[in-house]
2 protein chains.
Amino acid sequence: MAAEKLDTEIRREQIAEAALQLLGTHGIRQLSVAAVAEQVGLVPSAIYRHFEGKEEVLGAVLELIGERLMANVEAVCREWTGSLERLERLLDRHVQLIRENQAIPRVMFSDEMAGGDSRRKAKTYETIRTYLRGVAKIVRQGQKAGEIRSDVQADAIAMLFVGIIQPGAVLWHLSDGQFDITRHAKRTWRLYRDAIVA
Amino acid sequence: MAAEKLDTEIRREQIAEAALQLLGTHGIRQLSVAAVAEQVGLVPSAIYRHFEGKEEVLGAVLELIGERLMANVEAVCREWTGSLERLERLLDRHVQLIRENQAIPRVMFSDEMAGGDSRRKAKTYETIRTYLRGVAKIVRQGQKAGEIRSDVQADAIAMLFVGIIQPGAVLWHLSDGQFDITRHAKRTWRLYRDAIVA
DNA sequence: GCCGATTGTGAATCTATATTCACAACAGGA
DNA sequence: TCCTGTTGTGAATATAGATTCACAATCGGC
C-alpha cells in the first residue's frame with residue numbers, strides 16, 4: 001500500500017525525527033535506513049527522495065538536536081530574568097528534553113556521529129560549543145549582576161552545568177529508566193548552585 | 001609472512017588493547033575485525049582463534065576499561081589519606097587515562113557498546129556503577145571525617161565528580177586535541193571542591 | 001481533463017564485513 | 001624424532017544493509 005505523498009520538507013523532518021527516535025532506543029549500529037523508513041511508514045528507497053544518503057540523515061538529526069537545545073536556552077532567557085533561575089529552569093528543561101529523547105546526550109557526547117566523515121565531527125563540536133556559549137552567556141550576566149562568583153571563568157561554569165546531567169543521563173539510559181534522572185538533577189543542582197553563587 | 005605464534009592469553013590482551021586504541025581514533029562504526037587484526041599484526045580470521053567473534057572482543061574492551069578505572073581508584077586510596085586529596089588525584093589520573101585512551105569516555109558514556117546484545121548494556125551499566133561506588137566510598141569517608149559536606153548524598157557527589165570530566169573529554173576529542181582538557185579539569189576542580197567541602 | 005514534476009515502490013545491485021574452513025607452520029611433550 | 005594440539009593464513013562464504021533504477025501513483029498548474 002502506497003504511503004501518502006507529502007512534501008519533501010515535511011518528509012525531511014519526519015525522517016530526522018524518526019532517526020532521532022531510533023537512535024534513542026537502539027544505538028547507532030542498529031540505525032539502518034530500512035528502520036528509519038519503516039518508522040516513517042515508507043519504503044527504504046523512498047528515503048533517497050529526500051536525502052542524499054544515510055550520512056545526510058545523520059546530519060539532519062544533529063541539526064534537529066542543536067535546534068532543540070538552543071530553543072531551551074532561548075525559552076529560559078525569555079521567561080526568567082535572574083541567572084540562577086534561568087540555569088535552574090534550563091536544567092529542568094534539559095532533563096525533560098533528554099527524557100523525551102534519549103538519543104540526545106548519547107549523540108552529542110559520544111561522537112557516535114563523528115564516525116562518518118570528519119565534517120560531522122566538526123559540526124558536532126560546533127553544536128555543543130554553541131549550546132555551551134548560550135549557557136556561558138547566562139553565567140556571565142549572572143557574574144555581572146553579582147549573583148554568580150566571578151573568580152572562575154564562565155566557560156568552566158557552563159561546562160560543569162552540562163556535567164550535572166551527562167553522567168546521570170547515561171545511567172538512566174543504561175538502566176532502562178531505573179535510575180531516576182529527575183531526582184538526580186534536583187540533588188545535584190543544590191551542589192552546583194552552592195558552588196557557583198557569589 | 002606468518003606472525004609469531006603467541007599464547008592465546010597474550011593475544012586476547014593484545015586484541016582488546018588494539019580494539020580500545022582503534023575505538024579511540026575512529027568510532028565504533030569503523031571498528032572492524034580486519035582493522036583490529038591489522039593493528040595486532042594478524043590476519044582477520046586469526047581473531048577467531050582467540051575470540052568467539054566481534055561481540056566478545058567488545059566485551060573484553062569493556063572489561064579492560066573497567067580494570068583501568070578501578071586501578072586508579074585503588075591507587076589514590078593507597079597513596080593518599082585525605083578524601084579531598086584522593087579525589088583531586090583521582091581527577092588527575094582520570095584525565096591522564098583519558099588522554100591516553102580517548103575511547104574510554106566515549107565507550108563508557110555513550111553506549112556505543114550497548115548496541116549489540118543487552119547483556120553488554122547491563123555490563124556497561126555495572127562497570128560505571130562500580131566506578132561510581134569507588135568514588136562514593138571515598139566521599140563517604142570524607143563525610144565521616146568532616147572534610148566533605150554531609151547534607152548531600154555521596155552518590156550525587158560522586159556523579160558530579162564524573163561530570164567534571166565528561167563534557168571536557170568529549171570536547172577534547174571532538175576538537176582533535178585543541179580543547180585543553182587538563183586545564184579544564186584544574187579549573188573545574190576548584191569549583192567542585194568548593195561545592196563539596198564541609 | 002492533460003502534462004510535467006514530485007514522491008512512493010519493489011526488485012536488483014553492490015559493497016563492506018563478519019565468519020567459516022581446510023590447510024600450513026610451529027611448539028612442546030613423549 | 002614423532003605426534004598432537006595450538007596458532008596463523010588465505011580463500012570462500014554469508015549476510016546485512018546502503019544505494020540505484022525503472023516504473024507507478026499522485027499532485028498542482030494549465
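Chain naming here is simple, since letters A, B, ... match the order of the sequence lines and numbering starts at 1 in each.
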Colleague: Starting at CD of B:Glu52 and ending at P of C:dT20, how long is that distance when rounded to a whole Å?
Modeller: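 In whole Å, C:dT20 P and B:Glu52 CD are 9 Å from each other.
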Colleague: If the threshold is 4.0 Å, N to carboxylate O, is there a salt bridge linking B:Arg133 and B:Glu126?
Modeller: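 Yes, B:Arg133 and B:Glu126 are salt-bridged.
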Colleague: Whole angstroms only, please: what is the CG-P distance between B:Asp7 and D:dT7?
Modeller: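 Value for this atom pair: 6 Å.
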Colleague: Which is more 5' along DNA chain C, the nucleotide nearest B:Leu31 or the one nearest A:Ala46? Just name the residue.
Modeller: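 Of the two residues, A:Ala46 wins.
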Colleague: Can you tell me how far C1' of C:dT20 sits from CZ of B:Phe51, to the nearest Å?
Modeller: 18 Å
Colleague: Does a salt bridge link B:Glu79 with B:Arg93, judged by any charged N lying under 4.0 Å from a carboxylate O?
Modeller: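 Salt bridge: yes.
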Colleague: Should the ring pair B:Phe161 and B:His94 be called parallel, tilted or perpendicular, given that the plane angle runs from 0 to 90° and is split at 30 and 60?
Modeller: tilted
Colleague: Would you call B:Lys186 and B:Asp92 a side-chain contact if the rule is heavy atoms closer than 4.5 Å?
Modeller: yes
Colleague: Considering every strand and a 4.0 Å limit on heavy-atom distances, what is the contact class for B:Ser32: base, sugar-phosphate, or nothing?
Modeller: sugar-phosphate
Colleague: Base, sugar-phosphate, or nothing for B:Ala34, non-hydrogen atoms under 4.0 angstrom?
Modeller: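 Here B:Ala34 touches the backbone only, sparing every base.
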Colleague: Side-chain N or O of A:His50 less than 4.0 angstrom from OP1 or OP2 on C:dT6?
Modeller: no
Colleague: Rounded to whole Å, please give me the gap between CD in A:Glu56 and P in D:dT19.
Modeller: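 Rounding to the nearest Å, CD of A:Glu56 and P of D:dT19 are 11 Å apart.
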Colleague: Tell me whether the OP1 or OP2 atom of D:dG8 has a side-chain N or O from B:Arg11 closer than 4.0 Å.
Modeller: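 For B:Arg11, the contact criterion (side-chain N or O under 4.0 Å from OP1 or OP2 of D:dG8) is met.
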Colleague: Polar pairs (N or O, both sides) under 3.5 Å between protein and nucleotides 27-30 of chain C?
Modeller:
none

